[in-house]
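Starting from 1, each residue takes its place in the sequence as its number.
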Amino acid sequence: MDTRILLVEDDADLREAMAAALAADGHDVEVAADGHAALEALGSRTNDIVLLDVALGAGPDGVEVCRRLRRADSDVYVMMLTARDGEAEVVLALEAGADDYVTKPVGIAELRSRVRAALRRLRSGARPDDAEADVLRHGTLALDPHALRVTVDGTPVALTRSELAVLETLLRAHGAVRSRTQIVQAIYGDDAYRDPRGVDVHVHHLREKLVAAGGDDGWIVTVRGAGYRLGP
């Protein structure tokens, strides 16, 4: 089945070039030129990946579109398109719940490569067997990596794909420290093009969601200058 991608970009020439390249790779690509069109498109079909420009000309910007997606408990994989020197944009995108980001200007070859890598991560996470023995546990916290399901004392916790990857990495480390670079590699398969400090945003959101579900705010410990580990 073709991968469904929604591309939201207000630059018509860039939008056309990106859409043509992704379609040539066999993807089912829908395009939107602004925030209003993006929200309408998101409500009309299910997508595997949303490529979402931060700066959109009309209606809500990409950050707000992403926020609304997450408020609706959507776990679609969101890759934001941000300015090359826009560190603030990257932080805003991740704070809004984006899984990944691509800095602009972006080459078509790099974009295709990043989409292929995202699809590999999505497909590798969809495992058919959800045996109880493989569930990862820490106190009342449980993560089923096969079903991509997290609970705290039986209460489901909605996490993005990147937050799931962070949590699984720490659970599998059994209390050992994992550096930001190691966590980036666990999320994306490499650390190219990404600032490891973006991990801090994912961890912040993860902590908030676990605590809101009744978890312990000491489950994820920051080790200054080293990274993160599980707490008691």
Side-chain angles (χ1 to χ4, degrees), residues 49-52 54 62-63 66-67 69-70 74-104 106 110 113-115 117-122 124-125 136 138-139 141 143 145 148-150 152 157-213 215-232:
I49 295 177
V50 176
L51 294 172
L52 184 57
V54 169
V63 171
C66 187
R67 287 195 187 105
L69 264 176
R70 296 313 186 205
S74 171
D75 66 350
V76 66
Y77 194 94
V78 177
M79 186 180 298
M80 302 289 284
L81 308 176
T82 72
R84 173 68 69 185
D85 297 320
E87 180 180 347
E89 281 192 354
V90 170
V91 172
L92 280 173
L94 296 177
E95 284 281 2
D99 293 286
D100 197 3
Y101 62 89
V102 181
T103 53
K104 296 168 67 177
V106 57
E110 180 189 337
S113 175
R114 296 286 290 275
V115 168
L119 287 172
R120 285 195 298 271
R121 292 192 294 275
L122 291 173
S124 67
L136 304 173
H138 185 74
L141 170 65
L143 185 156
L148 302 178
R149 183 171 185 267
V150 175
V152 173
V157 184
L159 301 180
T160 67
R161 299 285 182 147
S162 295
E163 291 160 1
L164 277 165
V166 172
L167 183 57
E168 182 173 354
T169 299
L170 296 178
L171 285 167
R172 292 193 184 281
H174 301 292
V177 176
R178 289 293 178 263
S179 70
R180 290 172 175 82
T181 298
Q182 287 175 314
I183 295 173
V184 166
Q185 291 171 336
I187 296 173
Y188 304 114
D190 61 65
D191 58 3
Y193 314 111
R194 299 177 183 91
D195 185 343
R197 290 173 297 178
V199 169
D200 299 341
V201 180
H202 291 311
V203 170
H204 174 72
H205 279 227
L206 180 58
R207 278 187 178 131
E208 282 190 335
K209 291 179 179 181
L210 294 178
V211 170
D216 191 324
D217 62 4
W219 274 345
I220 300 177
V221 176
T222 302
V223 182
R224 189 176 297 275
Y228 297 96
R229 64 172 176 84
L230 287 183

**Verdict with reasoning, Thr169 to Gln182, per side chain to side chain contact (heavy atoms under 4.5 Å, CB included)** = CA-CA 9 Å; Thr169 299; Gln182 287 175 314; over 6 Å; no
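- Looking at every heavy atom in both residues, Val221 comes nearest to Gly231 through CG2-CA, 3.5 Å.
- With a 4.5 Å cut-off on side-chain heavy atoms, Leu141 and Val150 count as touching.
- Residue Ala96 comes nearest to Cys66 through the heavy atom pair O-SG, 3.6 Å, listed as atom of the first residue, atom of the second, then distance.
- For Pro145 against Glu168, the heavy-atom pair with the smallest separation is CB-OE2, 3.8 Å.
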**Prompt:** Where do Leu230 and Leu171 land on the side chain to side chain contact (heavy atoms under 4.5 Å, CB included) test, with the steps shown first?
**Reply:** CA-CA 7 Å; Leu230 287 183; Leu171 285 167; 3.7 Å; yes
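- A distance of 9.5 Å separates OH of Tyr77 from CG of Leu119, quoted to the nearest 0.5 Å.
- A heavy-atom distance below 4.5 Å is not found between the side chains of Val90 and Val54.
- Contact detail for Leu94 and Gly198: the closest heavy-atom pair is CD1-CA, 3.6 Å.
- A distance of 9.5 Å separates OG1 in Thr103 from CG in Leu81, rounded to the nearest 0.5 Å.
- Note that the NE2 atom of His138 and the CG atom of Leu143 stand 12.5 Å from one another [nearest 0.5 Å].
- Remark: the Tyr188 side chain and the Asp99 side chain contain no N/O donor-acceptor pair separated by less than 3.5 Å.
- The side-chain heavy atoms of Trp219 and Val152, taken from C-beta on, include a pair separated by under 4.5 Å.
- In this structure, Thr160 and Asp75 have side chains that are not in contact, with every pair of non-hydrogen atoms separated by 4.5 Å or more.
- Interatomic distance, CG of Leu51 versus CZ of Arg114, reported as 10.5 Å (0.5 Å rounding).
- Arg229 has its side chain out of reach of Arg178: every pair of non-hydrogen atoms, C-beta onward, lies at least 4.5 Å apart.
- Inter-residue side-chain proximity for Asp217 and Leu210 is flagged as unmet; no heavy-atom pair is nearer than 4.5 Å.
- For the pair Val203 and Val166, the tightest heavy-atom approach, listed with the atom from each and the gap, is CG2-CG1, 4.0 Å.
- Here the CG-CD1 distance, from Leu167 to Ile220, works out to 6.0 Å after rounding to the nearest 0.5 Å.
- Inter-residue side-chain proximity for Glu110 and Val102 is flagged as met; some heavy-atom pair is nearer than 4.5 Å.
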**Message:** Determine whether Lys104 and Thr82 satisfy the following criterion, side chain to side chain contact (heavy atoms under 4.5 Å, CB included), listing intermediate values before the conclusion.
**Reply:** CA-CA 6 Å; Lys104 296 168 67 177; Thr82 72; over 6 Å; no
**Request:** Test side chain to side chain contact (heavy atoms under 4.5 Å, CB included) on Ile183 and Tyr228 and set out the steps.
**Result:** CA-CA 9 Å; Ile183 295 173; Tyr228 297 96; 4.0 Å; yes
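- Panel note: side chain Arg161, backbone Ala165; no donor-acceptor pair is recorded below 3.5 Å.
- Between atom CZ of residue Arg149 and atom CG of residue Leu159 there is a gap of 12.0 Å, rounded to the nearest 0.5 Å.
- Side-chain atoms of His205 and Glu95 include a donor-acceptor pair closer than 3.5 Å.
- Tested against Glu163 for a side-chain hydrogen bond (donor to acceptor under 3.5 Å, both in side chains), the candidates Lys209, His202, Arg207 yield a single pass: Lys209.
- In this structure, Met80 and Ala93 approach most closely via the heavy-atom pair CG-CB, 3.6 Å.
- In this structure, Met79 and Leu52 have side chains that are not in contact, with every pair of non-hydrogen atoms separated by 4.5 Å or more.
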